Amino acid sequence: MTDERSAAADVAGASTADRSEAGGDSRRPVTIAYIAESAGVSVPTVSKVVNGRSGVSDETRARVEELINRFGYRKPPGTRTNVVELVFRELESMWAVEIIRGVERVARERRIGVVVSEFGLHDSTPMTMEDTVGRRPHCVLSVAQLSAAEREQLTAKGIPFVVFDPTSELPDGVPFVGATNWRGGQSATRHLVALGHRRIAMISGPEQVLCCRARLAGYGSALAEAGLAADPDLVVHAPLTREDGYAAARALLTRPDRPTAVFAANDLQALGVYQAARAIGLSVPEDVSVVGFDDLPVAAWVEPPLTTVHQPLTEMAVAATELALALGRGEQTLRTGLEIATTLVVRNSTAPPKD
């Protein structure tokens, strides 16, 4: 859609502000055309300002915004707002902070608003997709995994969306941004193999979660590459929490033939491994090496600092927001799916085994 057509869709008599002091006709409705005439610019230029698009000088943008505020122009009901809605299922994790940081970075540059919603599983009156659709955001970035019905709701209302780090397989054509989870699992395990570890356990996440399956597959690939037989007794599936990491690690580390290294599916589980090791009198990394996944800020703060796979959450959020905004502008994108590379960050929680 051209800027002229977009501008025409925005024309509205939302209010008839008193403009006599500004020398205008108070009987005339406040429209984009009126704002353009008053500012001495074109209608498409005002449309860009109203919709938060680039291509307008700071001086012109400031002049147009001043007139919009003075005359009380409002976009007509039913049009999409200049807001990106960031949807979480739950907001309790430190993981969420890194994602919000990336979205806010783009929002500041693009002069758009951000609404953060939580489709909480435990609230008495949780937010729903109907609430999101009713707000008519410019686009939606969903960390909560959207159901087929929710995707259909957004599509029916013409609201573009991008899924962040999908936990399940998506139909072809559904836009998403993720990370190279398989490669991350492989690099973590290769690191432990290179240090001389042969009994390497993995605390994986829930079996149905796509990224956890990929990390586990990368772990298995690195073991096979090194000629090490995978021991199913050294793989434990657990929720991605510190408490569950603790329980899984305690079971692994109290075995008579305990592993000399543990690769955890995320940093929170890895912190649980630290806690379990201390509880039974083991030291990290002297008695057991530990590798996490995500590289949350806490990974560098704990003692010893955690070796972990850096998942570029902020960069992923930036890319996902840019993609969602491009779709919101009606642009054709060459790729609807993007995976951003993970990297291993070696700190002090890994060392060669004693024996």
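Source: prediction; values computed, not measured.
Taking NE2 of H310 as the start and CG of D267 as the end, the distance is 11.0 Å to the nearest 0.5 Å. Taking CD of E225 as the reference point, atom CZ of R190 lies at 4.0 Å (rounded to 0.5 Å). A distance of 10.5 Å separates OG1 in T321 from CD in E109, rounded to the nearest 0.5 Å. Atom CZ of R105 and atom CZ of R110 lie 13.0 Å apart (nearest 0.5 Å). Atom CG of L240 sits about 4.5 Å away from atom CG of N266, to the nearest 0.5 Å. Between the OG atom of S42 and the CD atom of E37 there is a distance of 13.0 Å, given to the nearest 0.5 Å.
Considering all non-hydrogen atoms of both residues, A238 and I203 come closest at CB-CG2, 4.3 Å. The minimum heavy-atom distance linking A270 with G292 is given by the pair CB-CA, 4.0 Å.
With hydrogens and angles disregarded, a donor-acceptor distance shorter than 3.5 Å links the side chain of R213 to the backbone of Q208. Without hydrogens or angle criteria, T189 side chain to G185 main chain gives a donor-acceptor distance under 3.5 Å. Without hydrogens or angle criteria, R63 side chain to A39 main chain gives a donor-acceptor distance under 3.5 Å. In terms of modelled atom types and a separation under 3.5 Å, the side chain of R215 and the main chain of A265 share a donor-acceptor contact. A donor-acceptor pair under 3.5 Å is absent between the side-chain atoms of T60 and the main chain of S57, judged by distance alone. Side-chain atoms of T308 never come within 3.5 Å of backbone atoms of V291 as a donor-acceptor pair (strictly under, hydrogens ignored). In this structure a side-chain-to-backbone donor-acceptor pair under 3.5 Å is missing from R89 to V143. With hydrogens and angles disregarded, a donor-acceptor distance shorter than 3.5 Å links the side chain of Y274 to the backbone of P304. Here the side chain of D294 pairs no donor or acceptor atom with the backbone of L296 at under 3.5 angstrom. The backbone N or O of H237 lies less than 3.5 Å from no partner atom in the side chain of S204, so there is not a single donor-acceptor pair.
Salt bridge status for D295 with R347: present, with a side-chain N to carboxylate O gap under 4.0 Å. Between R101 and E104 there is no salt bridge, since none of the side-chain N atoms of the basic residue sits less than 4.0 Å from a carboxylate O of the acidic one.
Taking 4.5 Å as the limit, every side-chain heavy atom of L252 sits out of range of all side-chain heavy atoms of R258.
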**OP:** Please lay out, stage by stage, how E98 and Q311 fare under the test side-chain contact (heavy atoms from CB on, under 4.5 Å).
**Re:** CA-CA 10 Å; E98 302 304 307; Q311 182 173 209; over 6 Å; no
**OP:** Apply the test side-chain hydrogen bond (donor to acceptor under 3.5 Å, both in side chains) to residues Q275 and R278: give CA-CA distance (whole Å), side-chain angles for both, the deciding distance (0.1 Å), then the verdict.
**Re:** CA-CA 5 Å; Q275 184 181 14; R278 286 195 299 268; over 6 Å; no
**OP:** Before giving the answer on side-chain hydrogen bond (donor to acceptor under 3.5 Å, both in side chains), spell out for E85 and S117 the whole-Å C-alpha distance, their side-chain angles and the decisive distance to 0.1 Å.
**Re:** CA-CA 7 Å; E85 183 148 350; S117 299; 2.5 Å; yes
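There is a side-chain donor-acceptor pair under 3.5 Å between T307 and T350.
In the hydrophobic cluster analysis, where Ile, Leu, Val, Met, Phe, Trp and Tyr join through side-chain heavy atoms closer than 4.5 angstrom, V309 is grouped apart from W182. There is a path of hydrophobic side-chain contacts, each under 4.5 Å, that joins I280 to L271. Under the 4.5 Å side-chain heavy-atom criterion for Ile, Leu, Val, Met, Phe, Trp and Tyr, L268 and Y246 are members of distinct hydrophobic clusters. A continuous path of hydrophobic side-chain contacts links V193 to V235 [ILVMFWY only; heavy atoms under 4.5 Å]. One hydrophobic cluster holds both L216 and L344 under the rule that ILVMFWY side chains link at heavy-atom gaps under 4.5 Å.
Around atom CD of E59, no more than 12 heavy atoms belonging to other residues, nucleotides or ligands sit under 6.0 Å away. When the shell of 6.0 Å around CD of E331 is examined, it contains more than 12 heavy atoms from other residues, nucleotides or ligands.
With ring centers used as reference points, F164 lies 6.0 Å or more from F176.
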